[in-house]
Chemist: 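Before we start, here is the structure in question, set down as structure tokens.
Below, read A as the first sequence line, B as the second, and so on, with proteins coming before strands; counting in each chain starts at 1.
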Amino acid sequence: MKISGRVWKFGKDVDTDELFSGRYIMGGDETSESNYQQFIGESGLSDVAERDNVPSNFLTDVQPGDVIVAEENFGIGSSRQQAAETLKFKGVRAIVADSIHRIYFRNSWNLGCPAIDLPGISQGFNTGDNIEIDLRESLVTNLTTGKEFRFHLIMPSWFIDMVEAGGLIPYHKALKS
Amino acid sequence: MGMTLVEKILANKSGQLVVRPDEIVEVSVDLAMTHDALGAHTAAKFNELGVAKVWDPQKIVVIPDHYVPNKDIDTARKCLNLKKFVREQGIENYYEVGKGGICHQVLVEKGHVLPGTVVVGTDSHTTTSGVVGAFATGIGIDEMAVVFKTGRLWERVPATIKINVEGKLESPLFAKDLMLFILSRLGVSGALFKSLQFTGSTVSEMSIDGRMVLTNMAIEAGATNGIIEPDDKLVDYIRSRTDAPFEVVKGDPDAEYAETIEFRTDDIKEPIVAVPPKPTNGVGVTEVEGTKIDQAFIGSCTNGRLEDLRVAAKILKGRKVDRYTKVIVIPASQEVYKGALDEGLITIFVEAGAMVGPPTCGPCMEAHMGILGPEEVSISSTNRNFEGRSGDVSSKIYLASPATVAASALTGKITDPRQFL
Ligand code: SF4
């Protein structure tokens with residue numbers, strides 16, 4: 001499976017509070033999916049424009065299919081799943097970072113949004129570059145510069161099927177058993 | 001080439017002969033735990049999956065602990081939704097208010113967690129259960145819903161960092177001082193996608209209560225899990241708590257570790273305090289001595305056990321806490337509470353002017369029973385001191401051992417416990 005898109009370059013230590021402010025966390029209703037989706041869309045990234053590790057025009061200009069390339073410690077902070085949901089909601093297709101915090105990593109894959117840690121990757125990209133991620137070949141390519149980078153993650157094929165299905169819940173909904 | 005303890009557990013549970021670090025495997029889950037903060041959300045997600053019944057009601061444990069007794073209508077509603085799910089699914093291991101306590105404490109002390117097993121919980125401090133030599137880790141609500149359906153979970157096999165500790169750990173130093181010291185060396189990302197395995201003579205000498213501090217706070221270095229290889233002391237502990245059969249799993253002698261980090265207790269010169277806003281900001285107590293506090297809290301899944309309450313009582317006995325300091329003591333479970341009553345510790349706390357609360361997470365997170373107001377400063381035996389963790393964003397939390405917290409309670413400022421021990 002290959003993912004390609006336009007790159008947004010983020011800095012280091014992008015935390016879950018920046019992505020999804022804790023003060024919204026009690027909002028939303030766990031029993032109503034539509035209410036929840038709306039709430040994710042409205043509250044996500046709302047405070048982010050002033051930060052120095054996220055491009056100031058990200059919120060207004062991000063488009064479906066875009067990919068984030070970040071420096072270290074992406075997703076550090078609390079375990080809130082909304083932090084990953086909000087990026088997916090904005091259309092982010094994948095994240096590649098020098099390092100990623102574990103719960104964010106899990107949440108993002110489980111939403112069908114690959115999150116790949118690859119030390120040094122941030123050096124190889126600028127905002128606006130085109131990126132290609134080949135999950136089966138464990139390969140990240142900067143299509144703009146032609147540079148290739150290999151990551152370590154070893155994935156079984158059902159795992160990639162899960163991403164294709166749009167995440168863990170849709171994958172299991174579709175699995176009849 | 002052999003495998004580490006964690007690699008062996010994950011190989012066993014994934015049905016593979018070998019697993020290697022950074023490989024994604026699917027493992028069968030032996031125990032799944034949820035609590036009131038995320039249980040109702042998990043149940044709602046599970047109900048979306050289109051199956052009527054959970055994979056195995058015997059393997060699910062539900063423990064309301066964060067907002068109990070319920071602090072408002074919203075938390076009461078969440079608990080009701082969770083209890084409805086428990087009843088519908090026939091989940092027997094449900095600990096109603098007054099029967100359990102903080103989830104991580106209850107899982108271990110009630111013998112739910114066994115060596116060599118895979119344990120998951122909707123809580124980052126599920127790592128605590130690694131104290132029995134299990135692979136125990138925190139997961140999100142979507143994945144827990146899927147675990148409820150399938151009994152299976154994907155995991156990225158962590159490489160293991162061996163934390164080897166040698167030397168005597170004696171009062172005024174406790175497990176918390178050791179762990180804050182270790183964390184100050186590792187940093188918040190020092191163990192990302194790694195397992196922290198604690199070994200060495202110091203760890204062998206420690207009680208199970210003390211060891212739980214290490215596995216509990218492994219997550220503060222970003223670790224996937226914390227784990228300690230079972231020894232006779234641990235096996236005796238489990239045997240005293242359950243009849244369930246189990247098999248002790250140990251790492252291979254030729255296992256490969258990502259790194260071995262050596263610590264000597266001699267190098268810890270004084271009790272450690274973690275300065276806000278990170279648990280990894282440990283400094284010697286004398287560096288922050290005299291900092292004025294508004295609240296002192298002894299409790300939580302890190303340090304709310306009998307051993308902790310005994311040390312605090314030793315310091316508070318026959319003395320009075322500072323007149324303007326809110327001193328709160330919360331036993332981690334009903335069992336701990338009962339033990340503290342039997343030993344007369346509760347009387348000591350009450351006579352000293354501390355408020356003793358019912359087993360609950362309470363002020364550890366911004367839940368209830370001790371939320372901090374603007375600019376308030378707390379010294380706490382808990383595990384996290386992030387901005388706003390226990391109240392207003394301008395409040396501050398210093399993390400320390402129950403001894404240091406108790407000593408500070410007496411003076412109303414951060415105090416070296418040595419003068420009271
Ligand atoms: S005591 Fe604190 S850290 Fe432990 S489970 Fe409760 S809220 Fe979490």
Side-chain angles (χ1 to χ4, degrees), chain A residues 12-13 15-17 22-23 25-26 28-33 36 72-85 98-112 117 119 138 151-160 162 167-177, chain B residues 14 16 19-26 38-51 74-75 77-78 81 122-124 137-143 145-146 149-150 152-158 187-189 191-194 219 222-225 365-366 384 386-389 393:
Chain A
K12 65 176 183 176
D13 300 333
D15 66 47
T16 52
D17 257 306
R23 63 196 164 87
I25 212 149
M26 290 306 282
D29 177 351
E30 77 276 6
T31 56
S32 156
E33 187 63 16
Y36 193 68
E72 60 202 27
N73 286 331
F74 193 85
I76 189 172
S78 85
S79 60
R80 70 190 66 143
Q81 185 166 316
Q82 294 98 323
E85 276 173 309
D98 293 336
S99 64
I100 300 181
H101 269 253
R102 174 177 175 271
I103 296 204
Y104 191 94
F105 172 90
R106 295 190 66 88
N107 285 338
S108 195
W109 281 99
N110 282 333
L111 289 165
D117 51 309
S138 303
F151 56 89
H152 291 296
L153 215 55
I154 308 162
M155 289 170 273
S157 64
W158 72 265
F159 198 68
I160 295 168
M162 176 192 82
L168 192 67
I169 295 278
Y171 177 70
H172 277 278
K173 271 188 188 167
L175 272 188
K176 295 274 175 250
S177 77
Chain B
S14 64
Q16 292 181 209
V19 300
R20 293 292 171 218
D22 294 328
E23 179 180 353
I24 305 254
V25 294
E26 204 187 22
L38 294 173
H41 297 72
T42 305
K45 280 282 178 183
F46 172 82
N47 288 332
E48 275 177 39
L49 289 174
V51 284
D74 189 47
T75 58
R77 184 180 54 81
K78 282 198 167 91
N81 286 343
T122 54
D123 191 285
S124 57
T137 192
I139 63 172
I141 53 179
D142 281 11
E143 19 189 27
V146 170
K149 177 186 169 186
T150 64
R152 298 182 73 77
L153 171 89
W154 67 266
E155 186 55 77
R156 169 175 175 168
V157 178
V188 284
S189 307
L192 266 187
F193 296 110
K194 303 286 193 308
I219 181 72
T224 297
N225 70 311
M365 64 179 294
E366 199 190 342
R384 284 186 176 154
F386 304 148
E387 244 176 45
R389 164 80 178 177
V393 285

Chemist: Between B:T150 and chain A, which part of the residue has a heavy atom less than 4.5 Å away: side chain, backbone, both or neither?
Modeler: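 Contact with chain A involves the side chain of B:T150 alone.
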Chemist: Could you tell me which non-hydrogen atom of A:I100 sits nearest to which non-hydrogen atom of B:L192, and how far apart they are?
Modeler: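 Closest heavy-atom pair between A:I100 and B:L192: O-CD1, 3.5 Å.
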Chemist: Please check: side-chain N/O of B:K149 versus main-chain N/O of A:H172, any donor-acceptor pairing under 3.5 Å?
Modeler: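 Side chain of B:K149 to backbone of A:H172, a donor-acceptor pair under 3.5 Å: yes, one is there.
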Chemist: Is chain A contacted by the side chain of B:V25, its backbone, both, or neither, given a heavy-atom distance below 4.5 Å?
Modeler: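 Neither part.
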Chemist: So, using side-chain contact (heavy atoms from CB on, under 4.5 Å) as the criterion, who are the partners of B:E387 when residues are at least two apart?
Modeler: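 side-chain contact (heavy atoms from CB on, under 4.5 Å) check on B:E387 returns nothing, list empty.
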Chemist: What's the shortest heavy-atom distance between A:N110 and B:W154, and which atoms?
Modeler: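 Closest heavy-atom pair between A:N110 and B:W154: OD1-NE1, 2.7 Å.
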Chemist: Any chance you could measure A:R106, atom CZ, to B:T224, atom OG1, to the nearest 0.5 Å?
Modeler: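 It comes to 8.5 Å.
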Chemist: Taking atom CD1 of A:I169 and atom CG of B:D142, what is their separation to the nearest 0.5 Å?
Modeler: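 Nearest 0.5 Å value for the CD1-CG distance: 4.0 Å.
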Chemist: If you count heavy-atom pairs under 4.5 Å with chain A, which of B:V146, B:L49, B:V157 comes out on top?
Modeler: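 Most pairs with chain A among the choices: B:V146.
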Chemist: Rounded to the nearest 0.5 Å, how far does CG of A:N107 lie from CD of B:E143?
Modeler: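 Rounded to the nearest 0.5 Å, the CD-CG separation comes to 6.5 Å.
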Chemist: Measuring only between side-chain heavy atoms, which start at C-beta, is B:E26 closer than 4.5 Å to A:W158?
Modeler: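 Yes; the side chains approach each other to less than 4.5 Å.
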Chemist: Is there a side-chain contact between A:I154 and B:I24 (heavy atoms, below 4.5 Å)?
Modeler: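 A:I154 does not reach B:I24 side chain to side chain.
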Chemist: For B:S189, run the side chain to side chain donor-acceptor pair (under 3.5 Å) check against A:E72, A:R102, A:H101 and tell me which one passes.
Modeler: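 Looking at A:E72, A:R102, A:H101, the match for B:S189 under the side chain to side chain donor-acceptor pair (under 3.5 Å) is A:H101.
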Chemist: Under the rule for side-chain contact (heavy atoms from CB on, under 4.5 Å), what residues qualify as partners of B:D22, not counting sequence neighbours?
Modeler: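 In terms of side-chain contact (heavy atoms from CB on, under 4.5 Å), with neighbours along the sequence ignored, B:D22 is linked to A:H152, B:R156.
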Chemist: To the nearest 0.5 angstrom, please state how far the CD1 atom of B:I219 sits from the CD1 atom of A:I103.
Modeler: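 Those atoms lie 5.0 Å apart.
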